[in-house]
Amino acid sequence: MSTLPKPRGPLSEALLAALASGHTDLAHVDPDSPEDAALSLWVLHELSYRGYDAVDDRLEHDPGLVRLRGRLEDDLERRLRECWPGRPAYDEGFAEAFFAWVAADDGPSLARHVQREATADQVVELVQHRSLYTLKEADPFTFALPRLPAPVRAALAELQYDEYGGGRPERLHAHLFAEGMAALGLDATGCGYVDEAPLEVLEQNNAMSLFGLNRRLRGASMGHLAAFEAVSSLPSRQVAQGLDRLGLPAEIRAYYEEHVEADAVHEQVAVRMICEPLIAAEPDLEDDVWFGAWCCLDLEARLARHLLAKWEAA
Amino acid sequence: MSTSPSPDVIVCPGGPLLLRGEHVIADEDGVEHVTERPVSALCRCGKSASRPWCDGTHKVLPEKDRP
């Protein structure tokens, strides 16, 4: 169960009141900032993950809240699609084109910063921001599982089985991260750090939930997954080296070391055994596969620019 | 859908060898490593720092040095 965050404007304030009272007609309330809109959508999505102690679980499908969720999701999707440059042209196979496209990405890297320069305080801040997703690591993509054709479903289930610890709860990736957080003295129960999350973190999470929770966006969900895995393995080693440089606890290093090898597998599975056969079975989804992948890299680049500029200025 | 069983050993062009299921790998020095995942990736470029497992290093090699 999560704790409700603090409001960031009129819409999130009205939404928190609606969750408490059950009076959910919010059609006439508008956000007054991107943060207000993004936090409201994050709060609504969380009803589909862990819920809140003080909120009736039935509100997940309350018509007024579903209508608001749709309004906020449409706005997020429209803004992402407006920035998307479109899918790249390629002659070779999809997998080769996808890996080449990811390799050509020259966005700023938080992993490189952690490896070489970050202070311990910056790493702790980054872990707090990452926790919004990582404490429910892999979950947004699980929502897409029953909506995929059989060979793709089998491959995604195999990938998720590894994410969820291969039957061993102590190896579940979200649990490894929670252990790392606890070793750093951070609160790993529920979602303790949403109040600290900048817009970029909220939108990263909202995009993953948008793609996972809406069947029509299953292509974007799988593209996002593939891009996420394809930029994880080597950067995870950089982060592990940075944590070692700073003498931070072995538990948090273990989470990143696990991802060096795990994601070297997952990127191949996600690209070759999930996205490629998905596109073969449902060619109309190819645009969305690339769109989802682009969203993953773009939203991460936005977060990296935000944090690096903030730390540079400090 | 094909009725033949799907492969358990998959060669990724320019990348690792994927192994589905449980295996014991003997490396160049005869040291045995047990797979711990539903699917494991074995290094084919020889440059992984986690050998015998792949760690993605093939991606930063010049194309001519990739397997």
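Computation of the quantities below employed the complete heavy-atom set of this structure, encompassing side-chain atoms and omitting hydrogens, waters and symmetry-equivalent molecules. A, B, ... follow the sequence lines: proteins, then strands. Residue 1 opens every chain.
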Turns out that what part of A262(A) lies under 4.5 Å from chain B's heavy atoms comes down to both
Given a strict heavy-atom distance threshold of 4.5 Å, which part of E96(A) is in contact with chain B: side chain, backbone, both, or neither?
side chain
Suppose a student defines contact as a heavy atom less than 4.5 Å from any heavy atom of chain A. Which residues in residues 30-39 of chain B would they list?
E36(B), R37(B), P38(B), V39(B)
Heavy-atom contact with chain A under 4.5 Å, split by part of S48(B)
neither
Could you tell me whether R305(A) and E200(A) make a salt bridge, using a distance below 4.0 angstrom between a side-chain N and a carboxylate O?
no
Can we say D244(A) and R253(A) salt-bridge, meaning some charged N sits less than 4.0 Å from an Asp/Glu carboxylate O?
yes
Classify the angle between the aromatic ring planes of W290(A) and F98(A) as parallel (below 30°), tilted (30 to 60°) or perpendicular (above 60°).
tilted
Would you say the side-chain atoms of E163(A) and H266(A) include a donor-acceptor pair closer than 3.5 Å?
yes
Side chain / backbone / both / neither for I10(B) at chain A, heavy atoms under 4.5 Å:
side chain
Of all of G15(B), A49(B), S6(B), which one pairs up most often with chain A through heavy atoms under 4.5 Å apart?
A49(B)
How long is the span from the OG atom in S209(A) to the CZ atom in F141(A), to the nearest 0.5 Å?
9.0 Å
Do the side-chain N and O atoms of H129(A) and Q204(A) include a donor-acceptor pair separated by under 3.5 angstrom?
no
For the pair R216(A) and E282(A), find out whether any cationic side-chain nitrogen is under 4.0 Å from an anionic carboxylate oxygen.
no
For the pair H259(A) and Y255(A), name the ring-plane relationship: parallel under 30°, tilted 30 to 60°, perpendicular over 60°.
tilted
